[in-house]
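A quick write-up on the structure given underneath.
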Amino acid sequence: MSQNKKLECLSRLQEVLQKKFVYEDQIESIPADLRAKEANLKEATDKYQELKEKFDNLTNEQKSLAIRYDDAFNQRIEFEKQMEFITTQREYEALTKQLDDAKISEQTLLKQRNSKNVELEKIKAELEAQEEVVNQTQAVVNEEKDKVDDQIIEIRNRITTLEAECNDIREGVISDDLYEKFSNIVRKKHGYGIVPVYGQVCTGCNLILPMQFVIDLELKNMNGEIEYCPYCSRIIYKQELDEEQERSYIFEQLEPTKSDGKVASAEEAQSSGSEDSYDESMGMGEGFEDF
């Protein structure tokens, strides 16, 4: 790989991108506690609003009862005054009936008013207590927001520094198009977008590459070109090993290991739905063009 400047840059970029994506993931996960506290605030606020609505309704009912009670009280007083001017038995009986009804109505409304006052005081106390809960929860949320904002600002500054480092590494060597696609591969392939080929095996997906493909790969590496694994989409390069290591990866010795799952063929990987299969969303077109 030392003769291929693109591969060297991509290898260095991979290390920086790994750190960058970790920080980006942190930005997504940091607000988790804040969201939980905001959910608590919403729950407390909703409960406060329910109590406030109930309190307002009870207040209106209490006012209505107070007016009706005052009317009944005044009516009773009026009937009692009229008793002084009664001249006949018939008038007395009729007015007595009206007075008794007025007294009953007055007492009933008085009880209802007093009961509503008690209920209103209870709800008022609950409302005040819930308002305190909302205020305390809001203070916690505000504190958490400030904390999260500070953390995110710090992480974004680190990401900006890493992006600048990426630009320095790829300047004049890696095109914008290749950089975008390579970043996509690194993100989707859990931090590894460029991997070596040992013998005939792509170490990214552990699949066996055709012998002619590996030969062509070595030539491309020597000519300063890049190639993608046809099975997992990663950028690959031929890693020279010592004779003993090379023997452990040659095709003839890989055949017996298929059954125990250490190395699988491309057909086996595709039929099993391996997550390291070729992904068209990586942005590579047919033929794995170089950039």
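All heavy atoms count here, side chains included; hydrogens, waters and symmetry mates do not.
- Residues Met83 and Thr96 are in side-chain contact: their nearest non-hydrogen atoms beyond the backbone lie under 4.5 Å apart.
- Here the closest non-hydrogen pair linking Leu217 and Tyr237 is CD2-C, 4.0 Å.
- Interatomic distance, Met211 CE to Asp216 CG, rounded to the nearest 0.5 Å: 12.0 Å.
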Item to complete: Check step by step if side-chain hydrogen bond (donor to acceptor under 3.5 Å, both in side chains) holds for Asn135 and Glu131.
Response: CA-CA 6 Å; Asn135 291 337; Glu131 183 178 15; 4.7 Å; no

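- At distances below 3.5 Å, at least one donor-acceptor pair connects side-chain atoms of Thr161 with backbone N or O atoms of Asn157.
- Once rounded to the nearest 0.5 Å, the distance linking NZ of Lys116 with CD1 of Ile123 reads 10.5 Å.
- Side chain of Asn4 to main chain of Ile226: no donor-acceptor pair is present (N/O by atom type, distance under 3.5 Å, no hydrogens or angles).
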Practice prompt. Begin from the C-alpha positions of Asp56 and Lys52 and carry the test salt bridge (charged side-chain N to carboxylate O under 4.0 Å, His left out) through to its verdict.
Written response: CA-CA 6 Å; Asp56 291 342; Lys52 182 68 166 56; 3.1 Å; yes

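- Atoms CZ and CD, from Phe55 and Glu128 in turn, are 8.0 Å apart once rounded to the nearest 0.5 Å.
- Residues Ile77 and Lys81 meet the side-chain proximity criterion, which asks for heavy atoms closer than 4.5 Å.
- Scanning all heavy atoms of the two residues, the minimum distance from Tyr192 to Arg234 falls at O-NE, 2.9 Å.
- Between the side chains of Asn57 and Glu61, no donor-acceptor pair is found at a separation under 3.5 Å.
- Looking at Gln18, its side chain does come within 3.5 Å of a backbone N or O of Gly191 through a donor-acceptor pair.
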Worksheet item: Does the pair Arg12 and Ile194 meet the rule for a side chain to side chain contact (heavy atoms under 4.5 Å, CB included), with working shown?
Response: CA-CA 10 Å; Arg12 292 169 60 197; Ile194 180 170; over 6 Å; no

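- Side chain of Ser64 to backbone of Asn60: no donor-acceptor contact under 3.5 angstrom is found.
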Discussion item. Assess the residue pair Glu180 and Asn184 against the criterion (side-chain hydrogen bond (donor to acceptor under 3.5 Å, both in side chains)); give the C-alpha distance rounded to whole Å, side-chain angles, the decisive distance to 0.1 Å, and a yes or no.
Written reply: CA-CA 6 Å; Glu180 181 180 350; Asn184 196 19; over 6 Å; no

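- Counted within 6.0 Å of CD on Glu143, heavy atoms from surrounding residues, nucleotides or ligands total 12 or fewer; the atom is thus considered open.
- The backbone N or O of Leu109 lies less than 3.5 Å from no partner atom in the side chain of Arg68, so there is not a single donor-acceptor pair.
- At distances below 3.5 Å, not a single donor-acceptor pair connects side-chain atoms of Glu165 with backbone N or O atoms of Val16.
- Using a distance-only test at 3.5 Å, with no hydrogens or angles considered, no donor-acceptor pair links the side chain of Glu106 to the main chain of Phe73.
- Look at Glu15 and Lys19 and you find no salt bridge, because none of the NZ, NE, NH1 or NH2 atoms lies under 4.0 Å from a carboxylate O.
- Counting all heavy atoms, side chain and backbone alike, Cys205 lies closest to Tyr231 at SG-CB, 4.1 Å.
- Following chains of ILVMFWY side-chain contacts shorter than 4.5 Å, one can reach Ile169 starting from Tyr179, so the two form part of one hydrophobic cluster.
- Glu53 and Gln49 share no side-chain donor-acceptor pair at under 3.5 Å.
- Exactly one of Arg90, Gln89, Glu91 qualifies for a side-chain hydrogen bond (donor to acceptor under 3.5 Å, both in side chains) with Thr87. That residue is Glu91.
- Of the charged side-chain nitrogens involved, none lies within less than 4.0 Å of a carboxylate oxygen, so that Lys147 and Asp33 do not count as a salt-bridged pair.
- To the nearest 0.5 angstrom, Ile235 atom CD1 is 11.5 Å from Cys202 atom SG.
- For the residue pair Glu126 / Gln130, no side-chain donor-acceptor distance below 3.5 Å is found, with atom types taken as modelled.
- For Ser11 (side chain) and Leu7 (main-chain N/O), no donor-acceptor pair under 3.5 Å exists by modelled atom type.
- Counting all heavy atoms, side chain and backbone alike, Lys37 lies closest to Thr137 at O-CG2, 4.2 Å.
- Linking Ile, Leu, Val, Met, Phe, Trp and Tyr residues whenever their side-chain heavy atoms come within less than 4.5 Å places Phe213 and Leu207 in a single cluster.
- To the nearest 0.5 angstrom, Ser183 atom OG is 11.0 Å from Gln14 atom CD.
- Using a 4.5 Å cut-off on side-chain heavy atoms (C-beta onward), Ser105 and Asp71 make no contact.
- Taking the charged nitrogens against the carboxylate oxygens, Lys42 and Asp46 do have a contact shorter than 4.0 Å, which makes a salt bridge.
- In summary, Asp101 and Lys97 engage in a salt bridge, as defined by a charged side-chain N under 4.0 Å from a carboxylate O.
- In Glu43, the CD atom is not crowded: 12 or fewer heavy atoms of neighbouring residues, nucleotides or ligands sit closer than 6.0 Å.
- Note: the hydrophobic cluster containing Tyr69 does not contain Ile67 (ILVMFWY, side chain heavy atoms under 4.5 Å, direct or indirect links).
- In terms of heavy-atom proximity, Glu28 sits nearest to Arg35 at O-NH2, 3.6 Å.
- Between Tyr228 and Ile185 there is a side-chain heavy-atom pair separated by less than 4.5 Å.
- In this structure, the side chains of Arg187 and Asp25 come closer than 4.5 Å at one or more pairs of heavy atoms.
- Judged by distance alone, with hydrogens and angles left aside, the side-chain atoms of Thr45 form a donor-acceptor pair with the main-chain N or O of Leu41 at under 3.5 Å.
- Residues Ile30 and Ile155 form a side-chain contact, since some pair of their non-hydrogen atoms from C-beta on lies under 4.5 Å apart.
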Practice prompt. Please step through side chain to side chain contact (heavy atoms under 4.5 Å, CB included) for the pair Glu38 and Glu144, ending with a clear verdict.
Written response: CA-CA 10 Å; Glu38 287 177 333; Glu144 185 68 21; over 6 Å; no

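- A single hydrophobic cluster is not seen to contain both Leu65 and Leu120; linkage of ILVMFWY side chains at heavy-atom distances under 4.5 Å, directly or through other members, places them apart.
- Residues Cys9 and Val173 come closest through the heavy atom pair SG-CG1, 3.7 Å.
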Worksheet item: Given Asn74 and Glu78, is the side chain to side chain contact (heavy atoms under 4.5 Å, CB included) satisfied, shown in steps?
Response: CA-CA 6 Å; Asn74 292 331; Glu78 182 63 27; over 6 Å; no

Discussion item. The test is side-chain hydrogen bond (donor to acceptor under 3.5 Å, both in side chains); show your working for Ser115 and Glu119 and say whether it passes.
Written reply: CA-CA 6 Å; Ser115 176; Glu119 187 176 0; 5.4 Å; no

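- Distance check: Leu162 CG to Leu17 CG gives 8.5 Å after rounding to the nearest 0.5 Å.
- Val186 has its side chain within reach of Phe182: a pair of non-hydrogen atoms, C-beta onward, lies under 4.5 Å apart.
- Comment: Glu80 engages Arg76 in a salt bridge, judged by a side-chain N to carboxylate O separation of less than 4.0 angstrom.
- Although no hydrogens or angles enter the test, the distance criterion places no donor-acceptor pair under 3.5 Å between the side chain of Thr203 and the main chain of Val197.
- Taken together through direct or relayed side-chain contacts under 4.5 Å among Ile, Leu, Val, Met, Phe, Trp and Tyr, Val148 and Ile159 form part of one hydrophobic cluster.
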